[in-house]
Amino acid sequence: MEWKGRVVLITGASRGIGRAIAECMADRDVAIALNYRSDEMQARVTLEHIVAKGADGALFQADVSQSDQAKALVDDVLKRFGRIDVLVNNAGITRDTLLLRMSDEQWLQVMETNLNGAFYCTRAATKAMMKARFGRIVNIASIAGVAGNAGQANYSAAKAGLIGFTKAVARELASRNITVNAVAPGLVDTDMTSKMGRAAYDTLIQSVPLGRAGRPEEIGEAVRFLASSDYITGQTLVVDGGLVME
Ligand code: NAP
């Protein structure tokens, strides 16, 4: 894919992996729409970084777990930039606890953001992509959705759902030159993983064949690779230092 003139929408781009994806895509002649939910100050930092790399950009506040807000987000980006070539469904949350202690609310919050949010944004953006007969969609899943993770029944189910969604939509949209892929990160150092206890973190690192956590930019590079390809669709690229091997 030629990146010149492309418009990219990244959900959850105020920090962590979303910010790193934005930085990896930031080139001259690329416009990046940065979505965030609550942290405008951090979102502004992402914007400064991508502008410093020569990209055009703008911030879009929206809670993607709300259908109307996700639709308004896509409409606002189309109004501002005229098109969406690349959509990265990255916004995600965790509400970890063991199954027997998991409340309905903890289950639903994770589903609503991680799975429903990707559905709402993809459905809205796909209309414009179909008209343009071009689109690249990358969903940020997790190895929890591939292998499962104790204490994350909600998150593992949402991410496994996202992988199934990726394959179904890839089949539906292939004839319109729209590819749909997923990246499944392992343990990556961000605010999300800083909530883990030190002991659990150290134990997990010991099981990573490459012996360390991933860096957010290593996920960004994988997303850029999948968005750049014209001939990869319906795939999940695991980026986890070898933690899960199938
Ligand atoms: P993070 O540091 O906690 O950042 C989460 C981002 O998502 C923030 O920008 C946040 O916006 C945004 N967000 C959350 N709920 C949202 C909503 N309802 N609407 C719009 N934006 C929302 O997390 P991260 O580690 O970068 O994770 C990014 C993605 O990678 C997630 O999908 C996560 O599941 C996945 N992942 C992460 C890891 C890891 O080890 N870190 C591993 C596998 C997969 P605000 O700042 O405005 O709240």
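Remember, it's 1-based here, ligands and their atoms both numbered in the order they're listed.
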Quick one: are Tyr120 and Val74 in side-chain contact, heavy atoms under 4.5 Å?
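Not touching, per the 4.5 Å side-chain cut-off.
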Is there side-chain contact between Phe165 and Thr122, with at least one heavy-atom pair below 4.5 Å?
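With C-beta onward as the side chain, the pair touches.
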Could you tell me whether some N/O pair between [X] and ligand 1 is separated by less than 3.5 angstrom?
{"X": "Thr193", "result": "no"}
{"X": "Ile17", "result": "yes"}
{"X": "Ser14", "result": "yes"}
{"X": "Asn114", "result": "no"}
{"X": "Gly12", "result": "yes"}

Option whose closest heavy atom lies nearest to atom 5 (C) of ligand 1, chosen from Gly92, Gly16, Ala20
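Closest candidate by heavy-atom distance is Gly92.
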Just going by heavy-atom distances, which of Ile140, Val183, Asn90 is nearest to atom 32 (O) of ligand 1?
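When every heavy atom of Ile140, Val183, Asn90 is considered, Asn90 comes closest to atom 32 (O) of ligand 1.
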Mode of [X] contact toward ligand 1 - side chain, backbone, both, neither (heavy atoms, under 4.0 Å):
{"X": "Ile143", "answer": "neither"}
{"X": "Thr190", "answer": "side chain"}
{"X": "Asn35", "answer": "side chain"}
{"X": "Val188", "answer": "both"}

Arg15 near ligand 1, heavy-atom distance under 4.0 Å?
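Right, Arg15 reaches ligand 1.
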Starting from atom 47 (O) of ligand 1, which protein heavy atom do you reach first, and at what distance in Å?
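Looking only at protein heavy atoms, the one closest to atom 47 (O) of ligand 1 is Ser38 N, 2.6 Å.
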Closest approach of any protein heavy atom to atom 42 (C) of ligand 1, naming residue and atom
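Protein heavy atom with the smallest distance to atom 42 (C) of ligand 1: Gly186 O, 2.9 Å.
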Apply salt bridge (Lys or Arg N to Asp or Glu O under 4.0 Å) to residues Asp76 and Arg80 and explain how you reach the verdict.
CA-CA 6 Å; Asp76 289 348; Arg80 169 73 196 260; over 6 Å; no
Heavy atoms only: give me the nearest Gly117-Asn89 pair and the separation to one decimal.
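Scanning both residues, the minimum pair turns out to be O-OD1, 4.5 Å.
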A quick test of your reading: do over 12 heavy atoms of other residues, nucleotides or ligands sit less than 6.0 Å from CZ of Arg123?
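Atom CZ in Arg123 is crowded, with more than 12 foreign heavy atoms closer than 6.0 Å.
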